[in-house]
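What follows is a set of notes on a single structure, which appears directly below.
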Amino acid sequence: MISGLEPLLVVLAFALLVGGVIGSLIPQLPGAPVSLAGVYLYWFATDMTEPGTVLLVALTLVGVLTWLVDFFGGAIAARVGGASTTTAVIAGVVGLLLFFVTGPLGIILGVTATVFAIEFQRQQDARKGLKAALVTTAGMLASGVVQVMLTASILVTMLVVAL
């Protein structure tokens, strides 16, 4: 390690770890990869001694799990609620497009309305359409909560390691 560079890298690592938690709160931002970048930068800054190998592997697995929750959480919730895979994909695209127009609220409202509209049309049953829309929305929100908890656990673990 270059003398004098370690403190700067440690500060940058913790900035990335905090950014990972923030990224988990904001749709379309990669919370898990940013958190893992912080873990690995800290590991590099400490000459690959902290965290130890076992903890580094465990934190990596938590980061990968967080990414999987981010990637598949909404689709799984849609399927559990009775929505088709096609509906889930279309709702995801609509939510993403509305995010750029109206922000995070656009994702939630766009996905909910899209799932309801498509499932109502597909099944000709307002109750089933509403159930699919509400379960999908609840699953998306729950996925976000799980992501925040997991990235926060990575941050807290690294704070303990640093102290």
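This chain uses plain numbering: 1 for the first residue, then up along the sequence. Computed from a predicted model, the values in this text were never measured in an experiment.
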Residues which pass side-chain contact (heavy atoms from CB on, under 4.5 Å) with Val11, listed by chain and number, not counting sequence neighbours:
none

Working to the nearest 0.5 angstrom, can you tell me the gap between Leu9 CG and Trp43 CH2?
14.0 Å

Would you mind writing out the side-chain donor-acceptor pairs for residues 52-60 within the sub-3.5 Å range, not counting sequence neighbours?
unit_1, atom_1, unit_2, atom_2, d
Thr60, OG1, Tyr40, OH, 2.6
Thr60, OG1, Leu56, O, 2.8

Could you pull out all donor-acceptor pairs under 3.5 Å where a side-chain atom in residues 92-100 meets a protein atom, sequence neighbours excluded?
none

Give every donor-acceptor pair under 3.5 Å between a side-chain atom in residues 156-163 and any protein atom, sequence neighbours left out.
unit_1, atom_1, unit_2, atom_2, d
Thr157, OG1, Ser153, O, 2.7

Euclidean distance, Leu16 CG relative to Ile154 CD1, rounded to 0.5 Å
12.0 Å

Please say yes or no: joined through hydrophobic side-chain contacts below 4.5 Å, possibly via intermediate residues, are Val34 and Leu41 part of one cluster?
yes

For a 4.5 angstrom cut-off between non-hydrogen side-chain atoms, does Thr112 reach Thr136?
no

By side-chain contact (heavy atoms from CB on, under 4.5 Å) - contacts of Val146 (at least two apart)
Val69, Leu150

Pairs flagged by ring-ring contact (aromatic ring centres under 6.0 Å, His included) wherever residues 14-34 is involved - sequence neighbours left out:
Phe14-Tyr42

Within a 6.0 Å radius of atom CE on Met48, are there more than 12 heavy atoms belonging to other residues, nucleotides or ligands?
yes

Side-chain heavy atoms under 4.5 angstrom apart, residues restricted to Ile, Leu, Val, Met, Phe, Trp, Tyr: same cluster for Val145 and Leu68?
no

Quick check: is Ile76 connected to Ile90 through a chain of hydrophobic side chains (ILVMFWY, heavy atoms under 4.5 Å apart)?
no

Of all residues at least two apart in sequence or in a different chain, which pass the side chain to side chain donor-acceptor pair (under 3.5 Å) check with Thr114?
none

Is it possible for you to say whether Phe72 and Val135 belong to one hydrophobic cluster, with membership spreading through side-chain heavy-atom contacts below 4.5 Å?
yes

Any idea which heavy atoms bring Ala132 and Gly82 closest together, and the distance?
CB-C, 4.4 Å

Can you tell me which residue pairs pass the side-chain hydrogen bond (donor to acceptor under 3.5 Å, both in side chains) test with a partner in residues 91-106, sequence neighbours excluded?
none

Side chain to side chain donor-acceptor pair (under 3.5 Å) filter on Gln147, not counting sequence neighbours, yields Ser143

Side-chain heavy atoms of Leu141 within contact of Ile108, under 4.5 Å
yes

Hey, does the side chain of Asp47 reach the backbone of Thr49 with a donor-acceptor pair shorter than 3.5 angstrom?
no

Any chance you could measure Leu36, atom CG, to Leu17, atom CG, to the nearest 0.5 Å?
9.0 Å

Which ring-ring contact (aromatic ring centres under 6.0 Å, His included) pairs, counting each pair once, include a residue from residues 102-154, with sequence neighbours left out?
Phe116-Phe120

Closest approach of Gly63 to Ala32 (non-hydrogen atoms, all atoms of both residues):
O-CB, 3.3 Å

Does Thr151 have any side-chain contact (heavy atoms from CB on, under 4.5 Å) partners at least two apart in sequence or in another chain, and if so, which?
Val21, Ser24, Ser35, Thr66

For the hydrophobic clusters of this structure (ILVMFWY residues joined by side-chain heavy atoms under 4.5 Å, transitively), does one cluster hold both Leu29 and Val18?
yes

Name all pairs fulfilling the side-chain hydrogen bond (donor to acceptor under 3.5 Å, both in side chains) condition that reach into residues 71-91, sequence neighbours left out, sorted by first residue then second.
Ser84-Thr87, Thr87-Glu119

